[in-house]
Trainee: 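Following this message is one structure expressed as structure tokens.
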Amino acid sequence: MNFVEELRWRGMLHDIMPGTEELLNKGMVSGYIGFDPTADSLHVGSLAQIMTMIHFQRAGHKPFALVGGATGMVGDPSGKSAERNLLSEDALQHNLAGIRGQLEKFLDFDCGANSARMVNNYDWFKDFSFLNFIRDVGKHITVNYMMAKDSVKNRIGGDTGMSFTEFSYQLVQGYDFYYLWKHHNCALQMGGSDQWGNIVTGTELIRRKDAGEAFAITTQLIKKADGTKFGKTEGGNIWLDPEKTSSYKFYQFWLNTSDEDAKTYVRIFTLFDRETIESLEADQDAAPHLRTLQKALAKDITIRVHGEAEYEKAIKSSEFLFGNTGIEFLNELNDAEVLALFEGVPNFNISLNDLANGIAAVDLLAASTSVFPSKGEAKKMIAGGGVAVNKVKINTADDVYNKDVLINGKYLVAQKGKKNYFLIIAE
RNA sequence: GGGGGGAUACCAGAGCGGUCAAAUGGGACGGACUGUAAAUCCGUUGCUUCGGCUACGAAGGUUCGAAUCCUUCUCCCCCCA
């Protein structure tokens, strides 16, 4: 398998430094990608970089995952229009641990020569004094060179300014590359296309400091066809951590991919080969309403991230919530089964007494539970016809609900819009 | 250190004594259509016991009445040194 070829046909390749392909074809190469520790979990946006590493390792190369304990303290100005908030050291350590745990699931850390490795740049920066840094590293790169980077130009031209700290970021990242090159024979850095400038500062540093040679590959940033940001939904980011984004929500995220995006995403986020993808696409084009692509995509990623069992649960929940199954189906299930079906769906507990005398829809959804943040909003949305209880639309905000509507004597299913479900448990 | 400009809802941005819970655009959410798609069209976008209440950087003041005027403070930007 040819790594660059693989990226190319999958449409992932953005830019590649001359000579890189030749180097990779000669034999095993060590390469790295840096991950930003701004949260304690990676999200689907980072998944593209993880996929790059997986391909890299499958092609017989040795991947290094760098978690940026040091760079995380500084903040990357790339793509940011304003100065970042700095993370505390505690928060950073916590985030690093979470990310390490996730990366371990995707890469093989025990397969001989090309086993993946995890490194933390804090290890080589923590005892590197400021004076030594500006003497040994800063001396080699001119301010002129640094100022020419787009990420810097944009910020200097903008109106929020840029601190010296963020300005230094590219040097810090550049030194990472130098360090890995020097100590781990790491000749290639990969990253999203917004990282090109930072990566090149690294190859430049390697050349000027040690007259060495290092290479760069960047991948396409994931965009949606409609131009909006990839990886966000009403609920916010889609995380890989099931505590933050349930496997059901995760599955739903991919299932809801638009037709257009699905074609690019199967290439980027699955390991299906070319024939498989083309045949899936043919199926999709023949019968778009079946959403063959979305289902294959969602299945593959959900299993890889959360495992087979979680995928099965997500499917069951999805089929019940979006399929033709009537709400009465719940009557046939025992409590454990109901809860399993609604795992990943937000739930609320209310007391049976609340229902004893009947409760108005608004109070049920905005007071007894937090389906809505305020009564006003609940009323508006009910008036707009966007709210349902037990799959039946609420007509007016004053509609009264009592024990009779409970499914299984205990459950109520509220729907806000078409896709947002809530389980209300009365006991 | 001197001079100037600014801070308005999620964001951008109008308003410059009452008719302002605040134009417009974007975003977000909801509806219709569909395939849990895209595009399109429509609606909503401070809280409320529907009497009101809290809001235009913060605190005071003027006024019957302030986002709008005055004072002080905080922060941001620009120019000069």
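Quick note on labels: first sequence line is chain A, next is B, and so on, each numbered from 1.
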Trainee: With rounding to the closest Å, how many angstrom separate the C1' atoms on B/U54 and B/A66?
Mentor: 16 Å
Trainee: Using atom C1' of each nucleotide, how far apart are B/G61 and B/U49 to the nearest Å?
Mentor: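 To the nearest whole Å, 35 Å.
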Trainee: Which way is the base of B/G46 turned, syn or anti, if we draw the line at 90° from 0?
Mentor: anti
Trainee: What pairs of residues pass the ring-ring contact (aromatic ring centres under 6.0 Å, His included) test when at least one of them lies in residues 408-427 of chain A, not counting sequence neighbours?
Mentor: A/Phe322-A/Tyr421
Trainee: If a pair satisfies ring-ring contact (aromatic ring centres under 6.0 Å, His included) and one of its residues is in residues 297-319 of chain A, list it, with sequence neighbours excluded.
Mentor: A/Phe250-A/His306, A/Tyr251-A/Tyr311
Trainee: Could you tell me how far B/U24 sits from B/C70 if I compare only their C1' atoms? Round to whole Å.
Mentor: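 About 31 Å, rounded to a whole number of Å.
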Trainee: What interatomic distance, in whole Å, is found between C1' of B/G60 and the corresponding atom of B/A12?
Mentor: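 The same atom, C1', in both gives a distance of 31 Å.
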Trainee: In residues 336-347 of chain A, what donor-acceptor pairs under 3.5 Å come from side-chain atoms, sequence neighbours left out?
Mentor:
| residue | atom | partner | partner atom | Å |
| --- | --- | --- | --- | --- |
| A/Glu337 | OE1 | A/Asn334 | N | 2.9 |
| A/Glu343 | OE1 | A/Lys313 | NZ | 3.2 |

Trainee: Applying side-chain contact (heavy atoms from CB on, under 4.5 Å), can you list everything that pairs with A/Glu377, at least two apart in sequence or on another chain?
Mentor: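 In terms of side-chain contact (heavy atoms from CB on, under 4.5 Å), with neighbours along the sequence ignored, A/Glu377 is linked to A/Phe372, A/Pro373, A/Ser374.
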Trainee: Using salt bridge (Lys or Arg N to Asp or Glu O under 4.0 Å) as the criterion, list what pairs up with A/Arg304, not counting sequence neighbours.
Mentor: A/Asp300
Trainee: Using a 4.0 Å cut-off on protein heavy atoms (strictly under), produce a 5'-to-3' string for nucleotides 40-54 of chain B with B for base contact, S for backbone-only sugar-phosphate contact, and - for none.
Mentor: ----SS-SSSB----
Trainee: Indicate for each nucleotide in nucleotides 32-39 of chain B, in 5' to 3' sequence, whether protein heavy atoms under 4.0 Å reach the base (B), only the sugar-phosphate (S), or nothing (-).
Mentor: S-BBBSSS
Trainee: For A/Leu365 and B/G30, what is the distance between atoms CG and C1' respectively, to the nearest whole Å?
Mentor: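 In whole Å, B/G30 C1' lies 15 Å from A/Leu365 CG.
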Trainee: Using the side-chain contact (heavy atoms from CB on, under 4.5 Å) criterion, which residues pair with A/Asp40? Sequence neighbours excluded.
Mentor: A/His94, A/Asn95, A/Lys244
Trainee: Using Watson-Crick and G-U wobble pairs whose two distances are both under 3.5 Å, how do you write the pairing of RNA chain B as dot-bracket, with | for links to another strand?
Mentor: ((((((((.[[[..)..(.....]]]((((((.......))))))((....))...[[[[[..)....]]]]]))))))).
Trainee: For nucleotides B/C56 and B/C69, find the distance between their C1' atoms and express it as a whole number of Å.
Mentor: 15 Å
Trainee: Taking salt bridge (Lys or Arg N to Asp or Glu O under 4.0 Å) as the definition, give me every residue that meets it alongside A/Arg207, ordered by chain and number, with sequence neighbours left out.
Mentor: A/Glu204
Trainee: How far, in whole Å, is B/G2 from B/U72 if one measures between their P atoms?
Mentor: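 15 Å, rounded to whole Å.
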Trainee: Just list the side-chain donor-acceptor pairs under 3.5 Å for residues 358-370 of chain A, sequence neighbours left out, or say none.
Mentor:
| residue | atom | partner | partner atom | Å |
| --- | --- | --- | --- | --- |
| A/Asp363 | OD1 | A/Lys375 | NZ | 3.1 |
| A/Thr369 | OG1 | A/Leu364 | O | 2.7 |
| A/Thr369 | OG1 | A/Leu365 | O | 3.3 |

Trainee: Take atom C1' in B/G17 and the same atom in B/U68, then report the distance between them in whole Å.
Mentor: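 The same atom, C1', in both gives a distance of 6 Å.
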Trainee: Against the six-membered ring of A/Phe272, is A/Arg267 placed for a cation-pi contact (under 6.0 Å from the centre, within 45° of the normal)?
Mentor: no
Trainee: With A/Asp285, which residues qualify under salt bridge (Lys or Arg N to Asp or Glu O under 4.0 Å), at least two apart?
Mentor: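 Salt bridge (Lys or Arg N to Asp or Glu O under 4.0 Å) check on A/Asp285 returns A/Lys263.
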Trainee: Roughly how far apart, to the nearest Å, are B/A81 and B/C16 at atom P?
Mentor: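 Roughly 37 Å separates the two P atoms.
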Trainee: I'd like to know if the side chain of A/Gln57 and the backbone of A/Asp108 have a donor-acceptor N/O pair within less than 3.5 Å.
Mentor: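 Yes, A/Gln57 side chain to A/Asp108 backbone: donor-acceptor pair under 3.5 Å.
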